[in-house]
2 protein chains.
Amino acid sequence: MPTTELYPSPESGAAQSIATGIYRELETMIIEGALAPGDRINEKSFADQRGISRGPIREACRRLEEAGLVEFKVNRGFFVRVLDLREVLEIYDVRAALFAHAGRILARRITGDQLAELTALHEEMEAAVEAREADSFYTLNRRFHSSIMAFTRNGHLADIYEGLDRELHIWRKRALILDGNVRASSAEHGLILEVLRNGNPSRIAQVLRDHSLAGRNRLLRTMPEQVAKLQTDWDDD
Amino acid sequence: MPTTELYPSPESGAAQSIATGIYRELETMIIEGALAPGDRINEKSFADQRGISRGPIREACRRLEEAGLVEFKVNRGFFVRVLDLREVLEIYDVRAALFAHAGRILARRITGDQLAELTALHEEMEAAVEAREADSFYTLNRRFHSSIMAFTRNGHLADIYEGLDRELHIWRKRALILDGNVRASSAEHGLILEVLRNGNPSRIAQVLRDHSLAGRNRLLRTMPEQVAKLQTDWDDD
DNA sequence: TTTCCAAAAATTGTTGACACTTAACCCCGC
DNA sequence: GCGGGGTTAAGTGTCAACAATTTTTGGAAA
């Protein structure tokens with residue numbers, strides 16, 4: 001074991017600033033729920049716990065601020081962002097459009113290997129459904145989606161989708177925890193694979209879009225009270 | 001006049017951290033071209049010039065990093081991001097999809113007032129075209145686009161679109177500077193208004209998408225040499 | 001001249017300190 | 001008990017200093 005290092009040593013491979021590490025740590029804590037929406041990120045205690053100063057922590061928080069995971073209030077600090085239902089619907093809406101767009105790209109770009117990869121993931125998910133392993137399904141599901149986005153070979157598209165997913169993370173987990181929901185979601189994946197093999201662009205786009213919106217609707221059904229409170233005119237088209 | 005203040009005084013209205021101000025300043029400098037792609041942001045001289053310390057500057061740069069306007073290299077600092085043509089095409093692709101999506105939303109949501117607002121902007125742009133005021137056209141054009149996105153009432157959609165626009169800014173300005181380009185662009189705006197009044201969702205989406213891609217193609221024509229260098233398989237659908 | 005290398009200068013990475021603001025506490029009068 | 005109001009504690013905002021790294025410089029050798 002190396003002696004305590006002031007900076008990450010060149011040979012240790014890391015070669016990154018503390019801020020980057022803290023960024024990842026905070027991101028994970030927010031996504032995993034260790035930090036709940038509304039929580040303040042206490043710079044001082046966070047720094048003291050890790051034996052570092054507040055500078056890098058503030059830098060990490062600024063990045064999270066721009067990513068929309070954290071909110072900054074002058075003289076009060078950084079708070080884990082609270083998403084109201086209205087914003088959740090907004091995000092799902094954009095997300096569905098991007099997923100559909102990915103479908104149109106994939107219609108003329110997806111390879112046999114990629115289809116095989118998705119099929120394998122789908123089979124693992126089916127197994128997870130049968131075994132009632134919701135967490136495992138959730139992880140595989142993320143990989144399924146992010147693989148699809150990666151196959152578009154449009155890094156910006158994939159990044160933006162990933163960013164939206166990250167903002168939704170806590171809520172989506174809640175929606176997928178119900179057994180009936182994972183079952184329905186998995187069935188939709190089967191349909192996605194089917195149309196991807198077929199190759200009709202508009203049909204693929206439609207199926208991917210429907211899958212996104214179905215996910216949104218599954219989430220909404222877990223929270224009828226918030227939905228009732230929302231008197232806007234969103235609908236499915 | 002207040003004496004020199006260590007912090008922005010509460011009554012001065014600003015009530016924001018220095019980092020936020022620097023963020024805006026750097027953003028503007030990058031967009032306006034005062035900082036060119038590849039330039040390093042010299043923390044020390046930037047801080048000294050403004051009589052502040054490097055902390056807030058680094059915080060601002062971290063936000064710009066997450067926004068994709070700046071790139072961070074360990075021990076070397078922050079550099080204005082260099083977009084290669086490949087990335088420009090990626091961004092245009094996503095941007096067009098989002099613009100089309102906005103069109104589908106507006107098909108059932110746009111109001112008479114909003115149409116009037118867009119029409120007014122269009123007329124100003126037509127005047128700018130005749131007067132050969134490229135800069136003025138460029139500004140109005142941005143307002144035209146961002147108004148359309150704002151009318152969707154989806155803040156995330158508008159923000160993401162804005163972010164992509166910001167990344168493209170320098171390149172787009174280059175494309176629009178040519179007289180023929182502003183003329184074509186303005187004509188397309190006329191068509192957009194026409195279909196928005198009509199209200200057919202798919203048609204609107206298609207026209208908005210075409211306008212985005214036409215802008216992309218206008219840009220490509222200003223740089224035939226880079227296009228030739230790019231041996232990938234992007235096309236128009 | 002060109003290339004290489006070491007010393008110097010410039011710049012980044014991080015810290016600890018202090019000014020300032022907000023939040024918590026406690027005591028008092030009711 | 002239970003609101004005010006002032007005092008204390010906690011936490012943020014910024015800075016200046018120093019360690020570590022990168023870049024520049026200025027020769028010396030080929």
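Throughout, a chain's letter reflects where its sequence line sits, starting with A, and its residues are numbered from 1.
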Sugar-phosphate, base or nothing in reach of B:F72, heavy atoms under 4.0 Å: sugar-phosphate
Given B:V88, B:L219, B:D165, the one that forms side chain to side chain contact (heavy atoms under 4.5 Å, CB included) with B:R172: B:D165
Within 45° cone of B:F79 ring axis and under 6.0 Å: B:K73 NZ or CZ: yes
Distance, rounded to the nearest Å, where A:F79 contributes CZ and D:dG11 contributes C1': 11 Å
Contact residues, residues 54-62 of chain A to DNA chain C [heavy atom, < 4.0 Å]: A:R54, A:G55, A:P56
Validation row, ring centre A:H211 to ring centre A:H189 under 6.0 Å: yes
Residues from residues 40-49 of chain B lying under 4.0 Å of DNA chain C - heavy atoms: B:R40, B:I41, B:N42, B:E43, B:K44
B:F99 six-ring face occupied by B:R209 cation (under 6.0 Å, within 45°): no
B:R95: which of B:L164, B:I160, B:L213 passes side chain to side chain contact (heavy atoms under 4.5 Å, CB included): B:L164
For atom CG of B:N75 and atom P of C:dT12, their distance in whole Å: 10 Å
Whole angstrom value for the distance that separates P of C:dG13 from CZ of B:R76: 11 Å
Distance flag, aromatic centroids of B:Y138 and B:H169, threshold under 6.0 Å: yes
Reported CZ-to-NE2 distance for the pair A:R104 and A:H101, which is rounded to 0.5 angstrom: 7.5 Å
cation_pi(A:R50, A:F46) dist<6.0 Å, angle<=45: yes
Distance, rounded to the nearest Å, where B:I18 contributes CD1 and C:dC20 contributes C1': 13 Å
